[in-house]
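Input: a single structure, listed below in structure tokens.
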Amino acid sequence: MSSAAPLARQGLIAAWVAQMIGTMVLAGAVMIFVRAAGPLSAGESDWKKYAMLGILVGIAPALLYLRTFKARLDADDEVVRARGAPDPGLRAALMKSLSIGGALCEIPMAMGVVQLFFGGETRWFVGATLITIALRLSFRPFNRR
């Protein structure tokens with residue numbers, strides 16, 4: 001990459017970092033809320049039985065969308081290398097793809113929240129949050145080149 005390429009992606013990187021921080025803040029807020037308020041349902045619930053299955057199935061949409069994101073990232077990288085400046089249309093599509101991918105990454109953590117609200121164990125929520133963070137790392141807007 002040229003020296004102008006890292007500076008050209010500052011907006012994308014800032015959005016990605018904000019998404020990562022937002023995920024961690026949201027997880028902390030959920031933990032504080034559940035500890036203060038307790039679970040919404042005290043009885044035995046069928047949701048707890050299927051918590052891990054829901055968390056694992058929640059990974060699929062983000063992984064399937066990762067192809068679209070990587071294709072747009074590679075196209076943007078090629079244009080920046082060829083012209084030295086990003087194409088505004090491709091950059092807007094890449095930013096939109098980053099936003100959609102970030103939202104899809106939240107599905108496992110959302111399933112963990114549902115499980116936690118129905119009296120499930122905290123470890124399932126923490127595991128789902130770690131999965132969400134790992135998925136977000138896959139949507140990083142820069143390459144190792």
- request: Check for a donor-acceptor pair, side chain of S97 on one end and backbone N or O of A93 on the other, with a separation under 3.5 Å.
  value: no

Determine whether M109 and I55 make a side-chain contact, defined as any pair of heavy atoms from C-beta on separated by less than 4.5 Å. no

Between R91 and P86 the two heavy atoms that sit nearest each other are NH2-CB, 3.3 Å

Applying a strict under-4.5 Å side-chain criterion to I, L, V, M, F, W and Y, I'd like to know whether I32 and M24 cluster together. no

In terms of heavy-atom contacts, L90 and A75 come closest through CD1-O, 4.1 Å

(message) Side-chain heavy atoms nearer than 4.5 Å, only ILVMFWY residues, links allowed to pass through others: does that put L137 and L73 together?
(response) yes

dist L94:CG -> D74:CG (nearest 0.5 Å) comes out at 10.0 Å

In terms of heavy-atom contacts, G112 and A128 come closest through CA-CB, 4.1 Å

Rounded to the nearest 0.5 Å, the CD atom of E106 sits from the OG1 atom of T129 at a distance of 8.5 Å

* Are the side chain of W16 and the backbone of R136 linked by a donor-acceptor contact shorter than 3.5 Å? -> yes

* Asked: In terms of the angle between their ring planes, are F69 and F139 parallel, tilted or perpendicular, with boundaries placed at 30° and 60°?
  -> tilted

dist E78:CD -> R83:CZ (nearest 0.5 Å) comes out at 13.0 Å

Tell me whether I21 shares a hydrophobic cluster with M95, the cluster being built from Ile, Leu, Val, Met, Phe, Trp, Tyr side chains joined at under 4.5 Å. yes

Closest non-hydrogen contact found for P108 with T132 is CB-OG1, 3.8 Å

Do I107 and L130 sit in the same hydrophobic cluster, where Ile, Leu, Val, Met, Phe, Trp and Tyr count as joined when their side-chain heavy atoms come under 4.5 Å apart?
-> no

Go through V57 and M111 one step at a time and tell me if the side-chain contact (heavy atoms from CB on, under 4.5 Å) criterion holds. CA-CA 10 Å; V57 168; M111 293 301 298; over 6 Å; no

message: So that I know where these two stand, are F117 and F125 an aromatic pair - ring centroids less than 6.0 Å apart?
response: no

Verify same cluster id: L116, V126 (apolar side-chain graph, 4.5 Å)
no

To the nearest 0.5 Å, atom CD1 of I100 lies from atom SG of C105 at 12.0 Å

Note: D76-R72 ion pair, threshold 4.0 Å (strictly below):
no

Nearest heavy-atom contact between L135 and A62 is CD1-CB, 4.1 Å

